[in-house]
Student: 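One structure follows; several queries about it will come next.
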Protein chains: 2
Amino acid sequence: MVAPLKLGIAGLGTVGAEVVRVIARQQKTLAQRCGRGIEVTAVTARSKAKKRGLDLKGVVWAKSPLALANDPNVDCFVELMGGADEPALSAIEAALRAGKSVVTANKALIAKHGTKLAELAERQGAALNFEAAVCAAIPVIKTLREGLAGTDVNRIYGILNGTCNYILTRMEQEGLSFEACLKDAQRLGYAEANPSFDVDGHDTAQKLSILASLAFGTKVAEGAVSVEGISSITPEDLNAAQDLGYRVKLLGVAVRTKTGIEQRVHPTMVPRSSSIAQVMGVTNAVTVDGEGFSPITLVGPGAGAAATAASVVADIADAARGLRALPFGRPVAKLGTTKKAPMERHEGGYYIRLLARDLPGTAATIAARLAEQGISIESIVQRHPDGSREVGTGKKSVPVPVILITYATTEDAVRRALAAVQRDKVISGRPQVIRIEKN
Amino acid sequence: MVAPLKLGIAGLGTVGAEVVRVIARQQKTLAQRCGRGIEVTAVTARSKAKKRGLDLKGVVWAKSPLALANDPNVDCFVELMGGADEPALSAIEAALRAGKSVVTANKALIAKHGTKLAELAERQGAALNFEAAVCAAIPVIKTLREGLAGTDVNRIYGILNGTCNYILTRMEQEGLSFEACLKDAQRLGYAEANPSFDVDGHDTAQKLSILASLAFGTKVAEGAVSVEGISSITPEDLNAAQDLGYRVKLLGVAVRTKTGIEQRVHPTMVPRSSSIAQVMGVTNAVTVDGEGFSPITLVGPGAGAAATAASVVADIADAARGLRALPFGRPVAKLGTTKKAPMERHEGGYYIRLLARDLPGTAATIAARLAEQGISIESIVQRHPDGSREVGTGKKSVPVPVILITYATTEDAVRRALAAVQRDKVISGRPQVIRIEKN
């Protein structure tokens, strides 16, 4: 029997504590699967005194993450502290430099330093596993890195943030405002006191940048992601989406275009019949469009201690078995670069909601401005509060919502058309624009 | 640079030919991913003369699969011939005995001989990869073997046969009969001239037996699967399912019970809101219920040359990189055994459709017979052709469909209750019984 794999775990929050429990509970099965035991040898965390209900008898308490990474009794460094930079970064670097396997659930760190760390891991022949960094228990990293090793990916997109999907689901199902749902999500612990990282799309952007790197063989480039959050979405948009056969989701989308990899995070209209549209509440989902066959969608829990720990332990088991693919599937020297694709060049269909002033000729004006930019309209719907469906008849003095769905066009054309419509003073307020993603 | 991995491919049907094409097209990427080249060195197929449009210049044509497996110039034997037994079996055994990696897409062979072959692979330290044997491009084998290495699986279920799902989808959407949809499926090439293997559930059973082995750490036991097909399903059942918030799918289900692993294939009522209910047409899906977190569902193409070749090539890439987990995730000596769980002990909810004779007291008689067996009724619906909803009023002499949904009970109780109802002569024909699977 091979010697056991000795783990050093940095971070004993909910995930770290759960990893310690799973390793203990699954001791026998893991030893069978890996052909060797897996032991927690040393740990570290901010507070040693904190009650965690863990049996850490015989486990060394390291004085710092760096000391833990350098402990000669540790074969595999498990980083569960979080934080994009120190102290996690130096500790991971130290472990890799010593040729140790590293397992981390830290998306912020991988999004920021992933390429650099992968290069070090590659040079040292060490594993750098981060399945838990994206979508917790959903094996999306392994699927991209290994399961689709022979497939050209054309597009990858997903619901990568449970908080946003929970809010959008409740807004749709109960007709509530964004603000009301956010408050509820905070009360239930699904959203942070400062919700910006989630609801403004940054969490999704970090995860997307990691997935895009694996899917397209490019260096992780969080800064190349165009990001919009969900705070401007209204129940009216969700209702209109329903009427038109769509549902609104905050998607992270990375797609191969003629000019490079376009990475974007924004509220998106997806066809109600698509797999991704069925994903409700805090659940996550990722769809991969591979060349030559219909898409693969992976659905599951994207957060939570048990779901995250499951992926951490699977990564540890891979390290114990000596399964070791390159961190991003290819040598870092072969990874391409991505620059930020300007959103104005984005091509696709658009949902546009305007509040039209109820004046004669309004519909004609709007249609003309779109036509000037070469935009074809797939459907146009407006509803007077009295239920009639014509605009510009002067029957009411209140603004009337007009909803347009365009055929594929460029974002630039949409922006110019809407600027012209605003100059014409036939609408009130700012137009709402939501991109459409077809499956 | 490590020496290239030299492939011997046995079988050049649609999948084999596509694998040759993908290996050529992805040559550069695969070499980057694996740190070594991958070359097709030798092939064999039934007809050498057949035009396949492949560039096989410099590739040796072996005189038999066995000769190919034994060719000292072959490092990795790729079996794409199909067939549960010879000549595939002996050739795979010869390759493993020589310590060569084996990649196969052959579900029938793995279902029948998987345990024996895994034992040989394990003894020889050779890879035996069969991702393409179940659900083509969906990485379900890798997910169970590696991605959930630290997770206890409680249940795994899925839509594993595209033909059946295509037929059920069309029956539901167009109100057509089973026979009409089967004919269409045959015309479109989705069903074989002899459709029994698909529509009677045997294809699903083979795939399920492989998944159950990986999920529960048991020896593959195709004979332990209880199997029922979809030929008895009527448009009336699909309509009733819709009314009741369900959809009918042919599921393969393997579940941990107090007495062991229950493996079964049968038409199943699944809640319309579940991920699995959204899977339409030829698409496949597998849901894994892991202990401690909400289910993971993998959706995608379960058949087709490109989708199958994608998994074959990924398995080849794993072999080239030296990624090698035990074929069923654990040593064969540690795999448990499963005996066939008697379906009469199955516990769950039931959908029952009866054609009740329109006599006074019929509803009371049926309800009493169920009550005698301790079965609680969640809902009961019957519709006179004239739209009234009462039975036993004597208004009509034609039989009236009565649909019952029970709370969880045992199959044995349901069978006894229905036998009693039949003896009471208050129904016409045989009752339709469909098991319910909650998510």
Side-chain angles (χ1 to χ4, degrees), chain A residues 18 22-23 25-26 29-30 32-35 131 136-139 142-143 145-152 217 273 275 278-280 283 285 287-288 290-301 304 306-307 309-314 316-318 321-326 329-331 334, chain B residues 18 22-23 25-26 29-30 32-35 131 136-139 142-143 145-152 217 273 275 278-280 283 285 287-288 290-301 304 306-307 309-314 316-318 321-326 329-331 334:
Chain A
E18 184 63 16
V22 174
I23 295 282
R25 198 166 63 221
Q26 300 281 354
T29 310
L30 285 169
Q32 287 177 5
R33 286 183 177 276
C34 302
E131 184 65 75
I138 306 176
K142 194 175 262 289
T143 295
R145 188 162 56 185
E146 300 162 29
L148 295 170
T151 303
D152 280 326
S273 60
S275 294
Q278 317 301 332
V279 176
M280 305 304 262
T283 304
T287 295
V288 188
E291 180 66 30
F293 49 90
S294 41
I296 295 171
T297 300
L298 314 181
V299 186
S311 278
V312 170
V313 173
I316 291 170
D318 275 0
R321 283 186 282 213
L323 298 188
R324 184 160 49 75
L326 292 168
R330 304 173 214 221
K334 303 290 182 191
Chain B
E18 184 64 15
V22 174
I23 296 282
R25 199 168 61 223
Q26 300 281 352
T29 310
L30 285 169
Q32 287 177 4
R33 286 184 178 277
C34 303
E131 184 66 75
I138 307 176
K142 195 174 262 289
T143 295
R145 189 161 56 184
E146 300 162 30
L148 294 170
T151 303
D152 280 326
S273 60
S275 293
Q278 317 301 333
V279 176
M280 306 304 261
T283 304
T287 296
V288 188
E291 180 67 30
F293 50 91
S294 40
I296 295 172
T297 299
L298 314 180
V299 185
S311 278
V312 170
V313 173
I316 292 170
D318 275 0
R321 282 187 282 213
L323 298 189
R324 184 159 49 74
L326 292 169
R330 306 175 214 220
K334 303 290 182 190

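So that the names make sense, note that chain A is the first sequence line, chain B the second, and so on, each numbered from 1.
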Student: Below 4.5 Å from any heavy atom of chain B, which atoms of A:Ala325 appear? Answer side chain, backbone, both or neither.
Tutor: both

Student: Please determine, among A:Gly300, A:Pro331, A:Ala317, the option with the most heavy-atom pairs under 4.5 Å with chain B.
Tutor: A:Pro331

Student: For a quick test of reading the model, state the closest non-hydrogen atom pair linking A:Arg145 to B:Arg321 and the distance between them.
Tutor: O-NH1, 3.5 Å

Student: Is it the side chain or the backbone of B:Ser275 that comes within 4.5 Å of chain A heavy atoms, both, or neither?
Tutor: side chain

Student: With a 4.5 angstrom heavy-atom cut-off, could you sort out which part of A:Ala307 is near chain B: side chain, backbone, both or neither?
Tutor: both

Student: Are A:Asp152 and B:Gln26 packed together at the side-chain level, in the sense that at least one heavy-atom pair is separated by less than 4.5 angstrom?
Tutor: yes

Student: Any idea which of B:Gly304, B:Gly322, B:Pro295 has the most non-hydrogen atom pairs under 4.5 angstrom with chain A?
Tutor: B:Pro295

Student: Among A:Ala314, A:Pro301, A:Gly147, A:Gly292, which has the most heavy-atom pairs under 4.5 Å with chain B?
Tutor: A:Pro301

Student: Give, as side chain, backbone, both or neither, the part of A:Val299 having an atom under 4.5 angstrom from any heavy atom of chain B.
Tutor: both

Student: Flag the one option from B:Ala309, B:Ala149, B:Ala136 with the top tally of heavy-atom pairs under 4.5 Å to chain A.
Tutor: B:Ala149

Student: Name the member of A:Ile23, A:Val279, A:Ile316, A:Thr29 that forms the most heavy-atom pairs with chain B at distances under 4.5 Å.
Tutor: A:Thr29

Student: If we define contacts as heavy-atom pairs under 4.5 Å, which of B:Val312, B:Leu326, B:Leu323 has the most with chain A?
Tutor: B:Leu323

Student: Tell me which of these, B:Ala306, B:Cys34, B:Ser273, has more heavy-atom pairs under 4.5 Å with chain A than the rest.
Tutor: B:Ala306

Student: With sequence neighbours left out, write down each residue that passes side-chain contact (heavy atoms from CB on, under 4.5 Å) with A:Pro139, or none if nothing qualifies.
Tutor: A:Glu131, B:Thr143, B:Ile296

Student: Picking from A:Arg33, A:Glu18, A:Arg330, which has the most non-hydrogen pairs under 4.5 angstrom with chain B?
Tutor: A:Arg33

Student: Less than 4.5 Å to any heavy atom of chain B: does that hold for the side chain of A:Leu298, its backbone, both, or neither?
Tutor: both

Student: Identify the heavy atoms of A:Ala137 and B:Phe293 that sit nearest to each other, and give their distance.
Tutor: CB-CE1, 3.7 Å

Student: Which value, rounded to the nearest 0.5 Å, describes the distance between B:Lys334 atom NZ and A:Gln32 atom CD?
Tutor: 5.5 Å

Student: Give the minimum heavy-atom separation between B:Gly150 and A:Leu30, together with the two atoms involved.
Tutor: CA-CD2, 4.3 Å

